[in-house]
Amino acid sequence: MNLAQFPRVHLAHLPTPLEFMPRLTEALGGPDIWIKRDDCTGLSTGGNKTRKLEFLMAEARDQGADIVLTQGATQSNHARQTAAAAAKLGMDCHILLEDRTGYNHENYKYNGNVLLDVLHGASIEHRGPDLDMNAEMEDVADKMRADGRNAYTIPGGGSNATGALGYVNCALEMLNQFVTTSLKVDHIVHATGSAGTQAGLVTGLKATNANIPLLGIGVRAPKLKQEENVYNLAVKTAEKLGCPGVVAPEDVVANTDYVGPGYGIPAADTLEAIDIFARTEAILLDPVYSAKGAAGLIDLIRKGQFKKGETVVFLHTGGAIGLTGYTHEFDVAAKA
Ligand SMILES: *Cc1c(COP(=O)(O)O)cnc(C)c1O
């Protein structure tokens, strides 16, 4: 496996820190909990999409693209990081935003990631729920091409085999940090959505024979669907890397018990996770992804699935800027 063979633009601050969380570890009374800070990738408030965009934007640049298109939910972290990457590389960016939650709050519609999309100069159009958003985007891109634009499309979440290379790279980065820190890791846990993060990680971990189980905590799809999406993308990623067959179906494990009322809608345990991380470690989680992942981590520790004496690494995938789109969830006026 040789990641250096793929074109890449350097957008992220790497390596992101790997840190122990002593107060959270003590509060939960279970395994030692470490955090991999991919919320600190640096591009326009950071997050996991920046690693994928290093490979995706290089492909766009090499194809001579003058505009990149992508799609996501209203408060998409991926759309915001794409808008930022395009600005940095001097390309136009066009975003299709799907109203996936039905929220009508001013902050949800215009603050958080949406504010940053606008600041980075992206153009935005909206769609209702339950459409094939990648197909909608391709239609828009075809119209632009007919008008003479060289348009490069990025699927939702940047989750194709090119984007997943960013998380193969993260797996290698983490393994190296585990060696230099002399850390024997028993589990890696993170939020999984459009599947690219988990697919890249599992491919990297299996291709290096790391022997560390990976658990994705789902934010949308049911378990079997999520595992199928991750597995299918991992297969393609391994083929692209020249190591076909390294990932077996049983290597891909998702737990989707923490989705709550649905994508983008926090449950009580989502909000509790935000509270616990903020008060014990001053770590900001987001209500759509990382806090659902953390809610799973916390519950599985309470249930004894992750035990004292073990070491768990929580991969923080970012998104905290989205908190400002969710002020309605936090009863701020009563407390401030
Ligand atoms: C997109 C995203 C995820 C999920 O990553 P996928 O590669 O889409 O599975 C997790 N956390 C945050 C903050 C995200 O923006």
Side-chain angles (χ1 to χ4, degrees), residues 12 16 35-41 43-53 55-56 70-84 98 100 112-113 116-117 133-134 154-171 188-204 214-221 225-234 237 252-256 258-259 263-264 266 270 273-274 277 283-297 314-323 325-326:
T16 58
I35 187 166
K36 172 66 173 165
R37 299 290 306 272
D38 269 17
D39 56 322
C40 300
T41 52
L43 181 71
S44 182
T45 76
N48 65 338
K49 303 313 179 307
T50 302
R51 288 187 190 269
K52 303 179 183 183
L53 287 162
F55 292 93
L56 291 161
T70 199
Q71 57 90 4
T74 304
Q75 282 292 338
S76 167
N77 300 302
H78 164 68
R80 177 255 306 165
Q81 285 161 89
T82 304
E98 175 187 5
R100 220 181 271 172
N113 285 292
L116 301 199
D117 295 342
M133 287 295 288
N134 281 333
I154 299 176
S159 285
N160 56 21
T162 301
L165 295 176
Y167 272 87
V168 175
N169 191 34
C170 180
I188 300 171
V189 179
H190 68 96
T192 180
S194 66
T197 300
Q198 190 170 4
L201 287 174
V202 77
T203 306
L214 178 70
L215 177 64
I217 308 284
V219 300
R220 188 180 191 188
K225 182 75 199 150
Q226 186 66 21
E227 290 176 345
E228 180 188 320
N229 290 347
V230 173
Y231 176 70
N232 289 340
L233 183 51
T237 307
V252 176
V253 184
N255 179 329
T256 57
Y258 307 94
V259 174
Y263 175 89
T270 321
I274 291 174
F277 271 63
I283 297 281
L284 299 174
L285 301 175
D286 82 290
V288 182
Y289 295 95
S290 56
K292 288 189 178 176
L297 171 75
F314 178 70
L315 170 67
H316 190 337
T317 42
I321 192 67
L323 283 169
Y326 281 81

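Order of listing sets the numbers, starting from 1, for every ligand and every atom in it.
Nearest heavy-atom pair across R220 and Y263 is CG-CB, 3.9 Å. Pairing each heavy atom of P287 with each of L323, the nearest pair is CD-CD2, 3.8 Å. In terms of heavy-atom proximity, S290 sits nearest to T317 at CB-OG1, 4.2 Å. In this structure, G318 and H316 approach most closely via the heavy-atom pair N-ND1, 3.0 Å.
H78 and T70 are linked by a side-chain donor-acceptor pair at a separation below 3.5 angstrom, with hydrogens and angles left out of the test.
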Please tabulate protein-ligand N/O pairs under 3.5 Å for ligand 1, atom names and distances to 0.1 Å.
{"unit_1": "ligand 1", "atom_1": "5 (O)", "unit_2": "N48", "atom_2": "ND2", "d": "3.0"}
{"unit_1": "ligand 1", "atom_1": "5 (O)", "unit_2": "T197", "atom_2": "OG1", "d": "3.3"}
{"unit_1": "ligand 1", "atom_1": "7 (O)", "unit_2": "K52", "atom_2": "NZ", "d": "2.6"}
{"unit_1": "ligand 1", "atom_1": "7 (O)", "unit_2": "G196", "atom_2": "N", "d": "3.4"}
{"unit_1": "ligand 1", "atom_1": "7 (O)", "unit_2": "T197", "atom_2": "N", "d": "2.9"}
{"unit_1": "ligand 1", "atom_1": "7 (O)", "unit_2": "T197", "atom_2": "OG1", "d": "2.7"}
{"unit_1": "ligand 1", "atom_1": "8 (O)", "unit_2": "S194", "atom_2": "N", "d": "2.8"}
{"unit_1": "ligand 1", "atom_1": "8 (O)", "unit_2": "S194", "atom_2": "OG", "d": "2.5"}
{"unit_1": "ligand 1", "atom_1": "9 (O)", "unit_2": "G193", "atom_2": "N", "d": "2.6"}
{"unit_1": "ligand 1", "atom_1": "9 (O)", "unit_2": "S194", "atom_2": "N", "d": "3.2"}
{"unit_1": "ligand 1", "atom_1": "9 (O)", "unit_2": "A195", "atom_2": "N", "d": "3.0"}
{"unit_1": "ligand 1", "atom_1": "11 (N)", "unit_2": "T317", "atom_2": "OG1", "d": "2.6"}
{"unit_1": "ligand 1", "atom_1": "15 (O)", "unit_2": "K49", "atom_2": "NZ", "d": "2.8"}
{"unit_1": "ligand 1", "atom_1": "15 (O)", "unit_2": "N77", "atom_2": "ND2", "d": "2.9"}

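Applying the side chain to side chain donor-acceptor pair (under 3.5 Å) criterion to Y231, with sequence neighbours excluded, gives no partner residue.
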